[in-house]
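Single-structure report; data block below.
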Amino acid sequence: MSPLLPEFIQQAEALIQGGEILPSGVNHLARRLQTAVETNTPLRIKLGLDPTRPDLHLGHAVVLKKLRAFQDLGHKAVLIIGDATALIGDPSGRNNTRPPLTEAEVLVNAQTYLDQASKIINLEKAEIVRNSAFFNEMGLQGLLQLTAQVTVAQILARDDFSKRYSQNTPIALHEFLYPLMQAYDSVMVRADLELGGSDQRFNNLLGREMQLAYAKLRGEDPTSINPQLVLLLPLLEGTDGKVKMSKSYPENCINLTDSPSEMFGKLMSIPDAMILRYETLLAQLPEQQLKQHAEMLADPEGYGINPRDMKVGLAKFMVASFHSGEAADLAEEAFNALFRDKALPTEMPEHTLTAGESYVLVDLLVEAGLAPSKSEARRLIQGGAVKLNGETKVADVLATISGIPTESLVLQAGKRKFVRLLFVQRMGVTPIK
RNA sequence: GGGUAGGUGCCCGAGUGGUUAAAGGGGGCGGACUGUAAAUCCGCUACUUCGGUUACGUUGGUUCGAAUCCAACCCUGCCCA
(Lines give C-alpha, C1' and ligand atoms only; values in the text may rest on other atoms or scores of the structure.)
Protein backbone atom coordinates (compact mmCIF):
# COMPACT_ATOMS: atom_id res chain seq x y z
CA MET A 1 0.00 0.00 0.00
CA SER A 2 1.36 3.42 -0.92
CA PRO A 3 2.15 5.83 1.91
CA LEU A 4 -0.59 8.22 2.94
CA LEU A 5 -0.09 11.62 1.37
CA PRO A 6 -0.51 14.79 3.46
CA GLU A 7 -2.83 16.35 0.92
CA PHE A 8 -5.41 13.65 1.51
CA ILE A 9 -5.10 13.99 5.24
CA GLN A 10 -5.83 17.67 4.87
CA GLN A 11 -8.73 16.94 2.58
CA ALA A 12 -10.13 14.49 5.09
CA GLU A 13 -9.73 16.95 7.93
CA ALA A 14 -11.64 19.60 6.04
CA LEU A 15 -14.43 17.16 5.27
CA ILE A 16 -14.71 15.98 8.84
CA GLN A 17 -14.70 19.52 10.23
CA GLY A 18 -17.68 20.03 12.48
CA GLY A 19 -18.60 16.36 12.38
CA GLU A 20 -17.47 13.01 13.66
CA ILE A 21 -16.01 10.19 11.60
CA LEU A 22 -16.52 6.54 12.48
CA PRO A 23 -14.48 4.50 12.95
CA SER A 24 -12.70 7.46 14.44
CA GLY A 25 -9.46 8.72 13.00
CA VAL A 26 -8.81 10.99 10.06
CA ASN A 27 -6.66 8.38 8.41
CA HIS A 28 -9.51 6.04 7.61
CA LEU A 29 -11.09 8.68 5.45
CA ALA A 30 -7.81 9.96 4.09
CA ARG A 31 -6.88 6.47 2.96
CA ARG A 32 -10.18 6.06 1.14
CA LEU A 33 -9.83 9.42 -0.51
CA GLN A 34 -6.35 8.58 -1.68
CA THR A 35 -7.27 5.14 -2.96
CA ALA A 36 -10.18 6.63 -4.83
CA VAL A 37 -7.85 8.93 -6.69
CA GLU A 38 -5.20 6.26 -7.22
CA THR A 39 -7.64 3.78 -8.66
CA ASN A 40 -9.77 6.42 -10.31
CA THR A 41 -12.93 5.12 -8.65
CA PRO A 42 -14.91 7.85 -6.93
CA LEU A 43 -16.23 7.12 -3.46
CA ARG A 44 -19.92 6.43 -3.17
CA ILE A 45 -21.31 8.82 -0.58
CA LYS A 46 -24.70 7.76 0.71
CA LEU A 47 -27.34 10.00 2.15
CA GLY A 48 -30.80 8.74 2.91
CA LEU A 49 -33.81 11.00 3.10
CA ASP A 50 -37.25 9.90 4.11
CA PRO A 51 -40.05 11.66 2.31
CA THR A 52 -42.18 11.82 5.42
CA ARG A 53 -43.06 15.47 5.14
CA PRO A 54 -42.69 17.54 2.03
CA ASP A 55 -40.26 20.17 3.17
CA LEU A 56 -36.52 20.09 3.63
CA HIS A 57 -35.17 22.51 6.20
CA LEU A 58 -31.84 23.97 7.19
CA GLY A 59 -31.12 20.92 9.33
CA HIS A 60 -31.02 18.89 6.13
CA ALA A 61 -28.94 21.62 4.56
CA VAL A 62 -26.10 20.88 6.98
CA VAL A 63 -25.80 17.34 5.66
CA LEU A 64 -26.54 18.24 2.05
CA LYS A 65 -23.80 20.84 2.07
CA LYS A 66 -21.38 18.17 3.24
CA LEU A 67 -22.54 15.91 0.46
CA ARG A 68 -21.93 18.74 -1.96
CA ALA A 69 -18.38 19.08 -0.64
CA PHE A 70 -17.74 15.44 -1.55
CA GLN A 71 -19.28 16.04 -4.96
CA ASP A 72 -16.98 18.96 -5.52
CA LEU A 73 -14.05 16.61 -4.95
CA GLY A 74 -15.36 14.34 -7.67
CA HIS A 75 -17.08 11.71 -5.56
CA LYS A 76 -20.42 10.16 -6.27
CA ALA A 77 -23.42 11.34 -4.31
CA VAL A 78 -25.89 8.54 -3.79
CA LEU A 79 -29.18 9.93 -2.66
CA ILE A 80 -31.61 7.43 -1.25
CA ILE A 81 -35.23 8.40 -1.37
CA GLY A 82 -36.57 6.27 1.42
CA ASP A 83 -40.01 5.71 0.01
CA ALA A 84 -40.09 2.23 1.53
CA THR A 85 -38.60 3.19 4.88
CA ALA A 86 -40.94 6.17 5.03
CA LEU A 87 -43.80 3.76 5.44
CA ILE A 88 -42.36 2.99 8.87
CA GLY A 89 -40.87 6.30 9.88
CA ASP A 90 -37.51 6.60 11.56
CA PRO A 91 -37.88 5.97 15.29
CA SER A 92 -34.58 7.77 15.98
CA GLY A 93 -34.93 10.18 18.85
CA ARG A 94 -38.62 9.49 19.07
CA ASN A 95 -40.54 8.51 22.11
CA ASN A 96 -43.54 7.30 20.22
CA THR A 97 -44.60 5.65 17.01
CA ARG A 98 -44.81 7.83 13.96
CA PRO A 99 -48.09 8.25 12.18
CA PRO A 100 -48.15 6.14 9.03
CA LEU A 101 -48.11 7.72 5.59
CA THR A 102 -50.06 6.73 2.55
CA GLU A 103 -48.17 5.70 -0.52
CA ALA A 104 -49.53 8.64 -2.49
CA GLU A 105 -48.22 11.11 0.07
CA VAL A 106 -44.83 9.48 -0.05
CA LEU A 107 -44.64 9.84 -3.83
CA VAL A 108 -45.51 13.50 -3.85
CA ASN A 109 -43.07 14.22 -1.05
CA ALA A 110 -40.28 12.38 -2.82
CA GLN A 111 -40.47 14.65 -5.84
CA THR A 112 -40.57 17.77 -3.69
CA TYR A 113 -37.54 16.51 -1.85
CA LEU A 114 -35.50 16.20 -5.00
CA ASP A 115 -36.49 19.65 -6.20
CA GLN A 116 -35.36 21.12 -2.93
CA ALA A 117 -32.17 19.11 -2.61
CA SER A 118 -31.16 20.41 -6.02
CA LYS A 119 -30.66 23.81 -4.43
CA ILE A 120 -27.61 22.44 -2.67
CA ILE A 121 -26.27 19.40 -4.42
CA ASN A 122 -25.72 18.77 -8.09
CA LEU A 123 -28.62 16.50 -8.85
CA GLU A 124 -27.52 15.65 -12.37
CA LYS A 125 -24.32 14.11 -11.15
CA ALA A 126 -25.97 12.32 -8.27
CA GLU A 127 -27.31 8.80 -8.27
CA ILE A 128 -30.86 8.65 -7.04
CA VAL A 129 -32.22 5.45 -5.63
CA ARG A 130 -35.67 4.75 -4.31
CA ASN A 131 -35.38 2.04 -1.77
CA SER A 132 -38.82 0.71 -2.61
CA ALA A 133 -37.14 -0.55 -5.79
CA PHE A 134 -35.36 -3.29 -3.91
CA PHE A 135 -37.57 -3.65 -0.87
CA ASN A 136 -40.63 -4.37 -2.97
CA GLU A 137 -38.66 -7.11 -4.72
CA MET A 138 -37.31 -8.61 -1.56
CA GLY A 139 -40.14 -10.95 -0.66
CA LEU A 140 -40.65 -12.76 2.58
CA GLN A 141 -37.51 -14.83 2.25
CA GLY A 142 -35.40 -11.76 1.73
CA LEU A 143 -37.02 -10.07 4.68
CA LEU A 144 -36.39 -13.04 6.90
CA GLN A 145 -32.80 -13.19 5.78
CA LEU A 146 -32.40 -9.51 6.60
CA THR A 147 -33.96 -9.80 10.04
CA ALA A 148 -31.85 -12.85 10.83
CA GLN A 149 -28.71 -10.71 10.72
CA VAL A 150 -29.50 -8.81 13.91
CA THR A 151 -30.51 -9.88 17.39
CA VAL A 152 -33.24 -8.34 19.49
CA ALA A 153 -30.68 -7.43 22.13
CA GLN A 154 -28.68 -5.47 19.57
CA ILE A 155 -31.73 -3.51 18.55
CA LEU A 156 -32.81 -2.94 22.12
CA ALA A 157 -29.38 -1.61 22.88
CA ARG A 158 -30.31 1.41 20.88
CA ASP A 159 -30.98 4.36 23.09
CA ASP A 160 -34.41 5.36 21.77
CA PHE A 161 -35.73 1.85 21.95
CA SER A 162 -34.33 1.06 25.36
CA LYS A 163 -35.71 4.30 26.72
CA ARG A 164 -39.13 3.65 25.34
CA TYR A 165 -38.96 0.10 26.55
CA SER A 166 -38.00 1.03 30.08
CA GLN A 167 -40.58 3.79 30.19
CA ASN A 168 -43.26 1.33 29.16
CA THR A 169 -44.20 3.28 26.08
CA PRO A 170 -45.31 1.10 23.21
CA ILE A 171 -42.89 0.01 20.51
CA ALA A 172 -44.49 -1.52 17.48
CA LEU A 173 -42.55 -4.42 16.06
CA HIS A 174 -42.24 -2.93 12.59
CA GLU A 175 -40.23 -0.08 14.07
CA PHE A 176 -37.44 -2.53 14.72
CA LEU A 177 -37.22 -2.97 10.99
CA TYR A 178 -36.28 0.60 10.30
CA PRO A 179 -32.59 0.42 11.21
CA LEU A 180 -32.31 -2.89 9.35
CA MET A 181 -33.77 -1.42 6.22
CA GLN A 182 -31.58 1.64 6.34
CA ALA A 183 -28.57 -0.61 6.81
CA TYR A 184 -29.65 -2.72 3.90
CA ASP A 185 -29.71 0.41 1.75
CA SER A 186 -25.99 0.61 2.32
CA VAL A 187 -25.57 -2.95 1.13
CA MET A 188 -27.55 -2.33 -2.02
CA VAL A 189 -25.88 0.90 -3.05
CA ARG A 190 -22.41 -0.31 -2.00
CA ALA A 191 -21.82 2.82 0.02
CA ASP A 192 -18.26 3.81 0.91
CA LEU A 193 -19.38 6.45 3.34
CA GLU A 194 -22.72 7.34 4.84
CA LEU A 195 -23.65 10.83 5.95
CA GLY A 196 -26.10 11.43 8.73
CA GLY A 197 -27.12 13.52 11.69
CA SER A 198 -25.62 12.53 15.01
CA ASP A 199 -28.87 10.77 15.89
CA GLN A 200 -28.15 8.36 13.07
CA ARG A 201 -25.19 6.73 14.78
CA PHE A 202 -26.87 3.42 15.40
CA ASN A 203 -28.53 3.16 12.01
CA ASN A 204 -25.39 4.13 10.12
CA LEU A 205 -23.13 1.82 12.05
CA LEU A 206 -25.55 -1.01 11.46
CA GLY A 207 -24.96 -0.32 7.79
CA ARG A 208 -21.36 -1.39 8.29
CA GLU A 209 -22.41 -4.60 10.00
CA MET A 210 -24.93 -5.35 7.34
CA GLN A 211 -22.45 -4.83 4.54
CA LEU A 212 -20.13 -7.33 6.21
CA ALA A 213 -22.92 -9.78 6.89
CA TYR A 214 -24.12 -9.79 3.31
CA ALA A 215 -20.60 -10.06 1.97
CA LYS A 216 -20.22 -13.21 4.04
CA LEU A 217 -23.53 -14.54 2.75
CA ARG A 218 -22.24 -14.01 -0.75
CA GLY A 219 -19.18 -16.01 0.19
CA GLU A 220 -16.75 -13.12 -0.07
CA ASP A 221 -13.61 -12.96 1.97
CA PRO A 222 -14.47 -10.79 5.02
CA THR A 223 -10.95 -9.38 5.19
CA SER A 224 -11.29 -7.94 1.70
CA ILE A 225 -14.44 -6.03 2.60
CA ASN A 226 -14.27 -2.33 3.35
CA PRO A 227 -17.50 -1.45 5.06
CA GLN A 228 -18.75 2.12 4.80
CA LEU A 229 -17.35 4.89 6.92
CA VAL A 230 -19.83 7.00 8.81
CA LEU A 231 -19.69 10.76 8.97
CA LEU A 232 -22.02 12.17 11.60
CA LEU A 233 -22.89 15.84 11.66
CA PRO A 234 -24.29 17.76 14.61
CA LEU A 235 -28.00 18.37 14.67
CA LEU A 236 -28.93 21.96 14.08
CA GLU A 237 -31.21 23.47 16.67
CA GLY A 238 -34.36 25.08 15.37
CA THR A 239 -35.39 28.70 15.68
CA ASP A 240 -36.14 28.22 19.37
CA GLY A 241 -32.47 27.41 19.90
CA LYS A 242 -33.32 24.43 22.08
CA VAL A 243 -34.85 21.53 20.22
CA LYS A 244 -33.31 20.18 17.04
CA MET A 245 -34.86 21.36 13.83
CA SER A 246 -37.24 18.62 12.88
CA LYS A 247 -40.12 18.12 10.56
CA SER A 248 -42.12 17.00 13.55
CA TYR A 249 -42.08 20.56 14.87
CA PRO A 250 -42.80 22.67 11.79
CA GLU A 251 -42.83 25.98 13.65
CA ASN A 252 -39.26 25.38 14.70
CA CYS A 253 -38.05 24.89 11.15
CA ILE A 254 -36.56 27.11 8.52
CA ASN A 255 -37.51 25.46 5.26
CA LEU A 256 -35.55 25.60 2.05
CA THR A 257 -38.75 26.62 0.30
CA ASP A 258 -39.40 29.52 2.64
CA SER A 259 -39.73 32.83 0.85
CA PRO A 260 -36.77 35.20 1.19
CA SER A 261 -38.54 37.38 3.72
CA GLU A 262 -39.74 34.41 5.69
CA MET A 263 -36.29 32.87 5.78
CA PHE A 264 -34.76 36.19 6.74
CA GLY A 265 -37.25 36.75 9.53
CA LYS A 266 -36.90 33.25 10.91
CA LEU A 267 -33.12 33.58 10.96
CA MET A 268 -33.50 36.87 12.82
CA SER A 269 -35.62 35.09 15.39
CA ILE A 270 -32.97 32.63 16.48
CA PRO A 271 -31.61 33.37 19.94
CA ASP A 272 -28.33 35.26 20.01
CA ALA A 273 -26.65 32.22 21.50
CA MET A 274 -27.32 30.32 18.28
CA ILE A 275 -25.59 32.73 15.94
CA LEU A 276 -22.22 31.05 16.08
CA ARG A 277 -23.62 27.59 15.67
CA TYR A 278 -25.53 28.55 12.55
CA GLU A 279 -22.46 30.25 11.17
CA THR A 280 -20.41 27.12 11.73
CA LEU A 281 -22.80 24.53 10.43
CA LEU A 282 -24.60 26.39 7.68
CA ALA A 283 -22.61 29.34 6.49
CA GLN A 284 -19.43 27.27 6.96
CA LEU A 285 -17.41 30.38 7.62
CA PRO A 286 -13.64 30.01 7.78
CA GLU A 287 -12.29 29.01 11.16
CA GLN A 288 -10.53 32.32 11.74
CA GLN A 289 -13.67 34.32 11.22
CA LEU A 290 -15.62 32.05 13.52
CA LYS A 291 -13.08 32.60 16.25
CA GLN A 292 -13.32 36.33 15.83
CA HIS A 293 -17.11 36.22 15.97
CA ALA A 294 -16.99 34.10 19.10
CA GLU A 295 -14.89 36.73 20.84
CA MET A 296 -17.12 39.56 19.72
CA LEU A 297 -20.27 37.79 20.83
CA ALA A 298 -18.78 37.08 24.22
CA ASP A 299 -18.37 40.80 24.83
CA PRO A 300 -20.56 42.79 22.43
CA GLU A 301 -20.19 46.07 24.29
CA GLY A 302 -16.44 45.82 24.50
CA TYR A 303 -16.22 45.35 20.77
CA GLY A 304 -18.92 47.92 20.13
CA ILE A 305 -21.02 45.54 18.11
CA ASN A 306 -24.66 44.55 18.15
CA PRO A 307 -25.42 40.83 17.88
CA ARG A 308 -28.38 41.84 15.81
CA ASP A 309 -26.10 43.03 13.03
CA MET A 310 -24.26 39.74 13.05
CA LYS A 311 -27.56 38.00 12.68
CA VAL A 312 -28.42 40.24 9.77
CA GLY A 313 -25.19 39.16 8.09
CA LEU A 314 -26.01 35.52 8.62
CA ALA A 315 -29.59 35.92 7.45
CA LYS A 316 -28.50 37.72 4.29
CA PHE A 317 -25.86 35.12 3.54
CA MET A 318 -28.35 32.29 3.82
CA VAL A 319 -31.08 33.99 1.84
CA ALA A 320 -28.54 34.81 -0.84
CA SER A 321 -27.40 31.20 -1.06
CA PHE A 322 -30.91 29.81 -1.38
CA HIS A 323 -32.50 32.60 -3.35
CA SER A 324 -30.32 35.46 -4.60
CA GLY A 325 -28.28 38.40 -3.37
CA GLU A 326 -30.96 40.70 -4.59
CA ALA A 327 -33.64 38.83 -2.69
CA ALA A 328 -31.48 39.05 0.42
CA ASP A 329 -31.23 42.84 0.14
CA LEU A 330 -34.95 43.18 -0.38
CA ALA A 331 -35.67 40.88 2.54
CA GLU A 332 -33.48 42.98 4.79
CA GLU A 333 -35.17 46.20 3.72
CA ALA A 334 -38.60 44.74 4.23
CA PHE A 335 -37.63 43.40 7.61
CA ASN A 336 -36.24 46.71 8.80
CA ALA A 337 -39.26 48.58 7.56
CA LEU A 338 -41.68 46.20 9.18
CA PHE A 339 -40.08 45.54 12.54
CA ARG A 340 -37.64 48.33 13.17
CA ASP A 341 -39.57 51.21 11.61
CA LYS A 342 -42.94 49.52 12.13
CA ALA A 343 -44.10 50.46 8.65
CA LEU A 344 -46.67 48.52 6.68
CA PRO A 345 -45.32 45.94 4.28
CA THR A 346 -45.50 46.81 0.60
CA GLU A 347 -47.00 43.52 -0.44
CA MET A 348 -49.77 41.64 1.26
CA PRO A 349 -52.74 39.46 0.38
CA GLU A 350 -55.83 41.26 -0.82
CA HIS A 351 -59.42 40.78 0.12
CA THR A 352 -62.17 42.30 -1.96
CA LEU A 353 -65.28 43.76 -0.40
CA THR A 354 -68.34 45.52 -1.70
CA ALA A 355 -68.37 49.26 -1.19
CA GLY A 356 -71.14 50.62 0.95
CA GLU A 357 -71.76 47.35 2.72
CA SER A 358 -71.18 47.12 6.42
CA TYR A 359 -68.94 44.33 7.64
CA VAL A 360 -68.53 43.05 11.14
CA LEU A 361 -64.82 43.14 11.85
CA VAL A 362 -64.81 39.85 13.71
CA ASP A 363 -66.26 38.08 10.67
CA LEU A 364 -63.85 39.86 8.39
CA LEU A 365 -60.81 38.73 10.35
CA VAL A 366 -61.88 35.14 9.85
CA GLU A 367 -62.81 35.54 6.17
CA ALA A 368 -59.54 37.26 5.37
CA GLY A 369 -57.62 34.47 7.06
CA LEU A 370 -56.24 36.54 9.89
CA ALA A 371 -57.92 34.47 12.56
CA PRO A 372 -58.95 30.80 12.58
CA SER A 373 -62.23 31.34 14.42
CA LYS A 374 -64.45 34.15 15.55
CA SER A 375 -63.60 33.50 19.15
CA GLU A 376 -59.95 33.90 18.29
CA ALA A 377 -60.73 37.07 16.36
CA ARG A 378 -62.44 38.48 19.41
CA ARG A 379 -59.48 37.61 21.57
CA LEU A 380 -57.18 39.38 19.15
CA ILE A 381 -59.26 42.52 19.33
CA GLN A 382 -59.39 42.37 23.10
CA GLY A 383 -55.65 41.86 23.19
CA GLY A 384 -55.11 45.03 21.20
CA ALA A 385 -53.69 43.20 18.20
CA VAL A 386 -56.02 44.52 15.53
CA LYS A 387 -55.22 47.74 13.72
CA LEU A 388 -56.46 49.58 10.67
CA ASN A 389 -53.91 51.23 8.38
CA GLY A 390 -51.24 50.64 10.99
CA GLU A 391 -52.68 53.33 13.23
CA THR A 392 -56.15 52.94 14.52
CA LYS A 393 -56.34 50.31 17.16
CA VAL A 394 -59.65 48.52 17.23
CA ALA A 395 -60.89 47.98 20.75
CA ASP A 396 -64.55 47.20 20.20
CA VAL A 397 -65.41 43.58 19.59
CA LEU A 398 -68.61 44.62 17.85
CA ALA A 399 -66.90 47.08 15.49
CA THR A 400 -68.08 47.19 11.91
CA ILE A 401 -66.40 48.57 8.86
CA SER A 402 -67.46 49.88 5.49
CA GLY A 403 -65.79 51.69 2.62
CA ILE A 404 -66.39 53.75 -0.48
CA PRO A 405 -65.52 52.46 -3.97
CA THR A 406 -61.80 52.20 -4.81
CA GLU A 407 -60.88 52.80 -1.21
CA SER A 408 -58.34 50.44 0.30
CA LEU A 409 -57.67 49.75 3.93
CA VAL A 410 -54.97 47.70 5.61
CA LEU A 411 -56.29 45.33 8.22
CA GLN A 412 -53.66 44.05 10.60
CA ALA A 413 -53.71 41.33 13.26
CA GLY A 414 -50.55 41.17 15.32
CA LYS A 415 -47.20 42.24 14.01
CA ARG A 416 -46.95 39.96 11.08
CA LYS A 417 -50.36 39.44 9.57
CA PHE A 418 -51.74 41.96 7.12
CA VAL A 419 -54.51 42.00 4.55
CA ARG A 420 -55.38 44.80 2.17
CA LEU A 421 -59.12 45.35 1.98
CA LEU A 422 -60.28 46.60 -1.41
CA PHE A 423 -63.70 48.14 -1.77
CA VAL A 424 -65.30 47.82 -5.17
CA GLN A 425 -68.58 48.97 -6.62
CA ARG A 426 -71.14 46.25 -6.71
CA MET A 427 -71.12 44.81 -10.21
CA GLY A 428 -74.25 44.45 -12.32
CA VAL A 429 -77.67 44.01 -10.88
CA THR A 430 -78.10 42.06 -7.74
CA PRO A 431 -80.83 39.52 -8.24
CA ILE A 432 -83.70 40.03 -5.90
CA LYS A 433 -85.28 36.96 -4.49
C1' G B 1 -56.26 -16.88 28.21
C1' G B 2 -55.63 -15.05 33.77
C1' G B 3 -54.20 -10.91 36.81
C1' U B 4 -53.11 -5.78 37.24
C1' A B 5 -52.30 -0.44 36.09
C1' G B 6 -53.82 3.04 32.75
C1' G B 7 -56.43 6.07 28.33
C1' U B 8 -57.81 13.88 30.32
C1' G B 9 -57.33 19.78 26.01
C1' C B 10 -51.77 20.90 20.53
C1' C B 11 -48.15 18.02 24.04
C1' C B 12 -46.91 16.55 29.12
C1' G B 13 -49.78 16.17 33.40
C1' A B 14 -53.32 17.22 38.03
C1' G B 15 -58.22 16.18 39.12
C1' U B 16 -62.32 10.45 41.78
C1' G B 17 -70.09 13.38 42.10
C1' G B 18 -71.55 19.91 41.93
C1' U B 19 -68.76 27.86 40.78
C1' U B 20 -64.35 22.18 36.40
C1' A B 21 -64.28 24.98 29.53
C1' A B 22 -61.24 21.34 33.60
C1' A B 23 -54.89 23.08 38.25
C1' G B 24 -49.66 23.32 36.76
C1' G B 25 -45.89 23.15 32.96
C1' G B 26 -44.44 23.20 27.75
C1' G B 27 -45.76 24.96 23.06
C1' G B 28 -48.54 28.61 20.31
C1' C B 29 -50.74 33.51 19.87
C1' G B 30 -51.09 38.65 21.54
C1' G B 31 -49.29 43.07 24.25
C1' A B 32 -45.33 46.08 26.54
C1' C B 33 -40.30 46.95 26.15
C1' U B 34 -36.07 46.61 22.81
C1' G B 35 -31.30 45.77 19.33
C1' U B 36 -34.84 41.70 15.93
C1' A B 37 -39.85 37.53 14.90
C1' A B 38 -33.26 37.77 20.68
C1' A B 39 -33.81 38.28 26.08
C1' U B 40 -37.30 39.93 29.90
C1' C B 41 -42.20 41.04 31.82
C1' C B 42 -47.62 40.73 31.29
C1' G B 43 -52.14 38.71 29.08
C1' C B 44 -54.71 35.02 26.15
C1' U B 45 -54.94 29.84 24.62
C1' A B 46 -62.99 25.04 22.50
C1' C B 47 -66.96 26.80 19.08
C1' U B 48 -71.07 30.09 18.63
C1' U B 49 -76.32 33.04 15.07
C1' C B 50 -73.85 35.25 22.29
C1' G B 51 -79.61 32.13 23.42
C1' G B 52 -76.30 28.41 23.93
C1' U B 53 -73.47 24.12 21.93
C1' U B 54 -69.65 20.51 22.09
C1' A B 55 -65.41 18.40 25.13
C1' C B 56 -61.90 14.14 29.64
C1' G B 57 -60.86 6.26 24.80
C1' U B 58 -66.15 4.45 22.67
C1' U B 59 -71.26 3.31 23.61
C1' G B 60 -75.00 2.93 26.96
C1' G B 61 -76.73 3.50 32.16
C1' U B 62 -77.32 5.60 37.46
C1' U B 63 -78.17 10.71 39.27
C1' C B 64 -81.36 17.02 40.07
C1' G B 65 -76.13 16.94 38.49
C1' A B 66 -70.54 12.80 35.98
C1' A B 67 -63.97 13.57 33.49
C1' U B 68 -65.32 11.62 38.31
C1' C B 69 -70.12 6.08 39.99
C1' C B 70 -71.93 1.39 37.03
C1' A B 71 -71.86 -1.94 32.50
C1' A B 72 -70.05 -3.47 27.94
C1' C B 73 -66.58 -2.66 24.30
C1' C B 74 -61.84 -0.63 22.04
C1' C B 75 -56.67 0.60 22.89
C1' U B 76 -51.78 0.57 25.78
C1' G B 77 -48.15 -0.96 29.68
C1' C B 78 -46.60 -4.63 33.23
C1' C B 79 -46.74 -9.68 35.61
C1' C B 80 -48.23 -14.82 34.78
C1' A B 81 -49.30 -18.59 30.95
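Just so you know, these numbers come straight off a predicted model, no measurement behind them. Residue numbers begin at 1 in each chain, while the letters A, B, ... track the order of the sequences.
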Watson-Crick or G-U wobble partner of rC73(B), both distances under 3.5 Å
rG57(B)
Side chains of Ser186(A) and Gln211(A) only: does a donor on one sit below 3.5 Å from an acceptor on the other?
no
Tell me the partner of rG1(B), counting only Watson-Crick (N1-N3 plus N6-O4 or O6-N4) or G-U wobble (N1-O2 and O6-N3) with both under 3.5 Å; none if nothing fits.
rC80(B)
Tell me whether the side-chain N or O atoms of Asp272(A) pair up with the base of rG35(B) as donor and acceptor below 3.5 Å, since no angle test is needed here.
yes
Please work out if Ser375(A) contacts a base, only the sugar-phosphate, or nothing of the nucleic acid, heavy-atom cut-off 4.0 Å.
base
Applying a 3.5 Å limit to both distances, which nucleotide forms a Watson-Crick or G-U wobble pair with rA22(B)?
none
Does the structure show a Watson-Crick or G-U wobble partner for rA37(B), both distances under 3.5 Å? Name it, or say none.
none
Pairing nucleotide - rC50(B), Watson-Crick or G-U, each distance under 3.5 Å:
none
Within the 4.0 Å heavy-atom criterion, would you say Arg416(A) contacts the bases, only the backbone, or no part of the nucleic acid?
base
Does the base of rU34(B) carry an N or O that pairs as donor and acceptor with the side chain of Lys342(A) under 3.5 Å?
yes
Donor/acceptor link under 3.5 angstrom from Lys374(A) side chain onto base of rU48(B)
no
Is it the case that the side chain of Glu279(A) and the backbone of Leu314(A) share a donor-acceptor pair, with hydrogens and angles ignored and the cut-off at 3.5 Å?
no
Rounding to an integer number of angstrom, what distance separates rG43(B) and rU16(B) when you compare their P atoms?
28 Å
Find the partner of rC29(B): check Watson-Crick (N1-N3 plus N6-O4 or O6-N4) and G-U wobble (N1-O2, O6-N3) distances, both under 3.5 Å, and reply none if neither fits.
rG43(B)
Taking the side chain of Lys311(A) as its heavy atoms from C-beta onward, which of rA37(B), rA38(B), rU45(B) lies nearest to it?
rA38(B)
Considering just the side-chain nitrogens and oxygens of Arg308(A), establish if one lies under 4.0 Å of OP1 or OP2 belonging to rU36(B).
yes
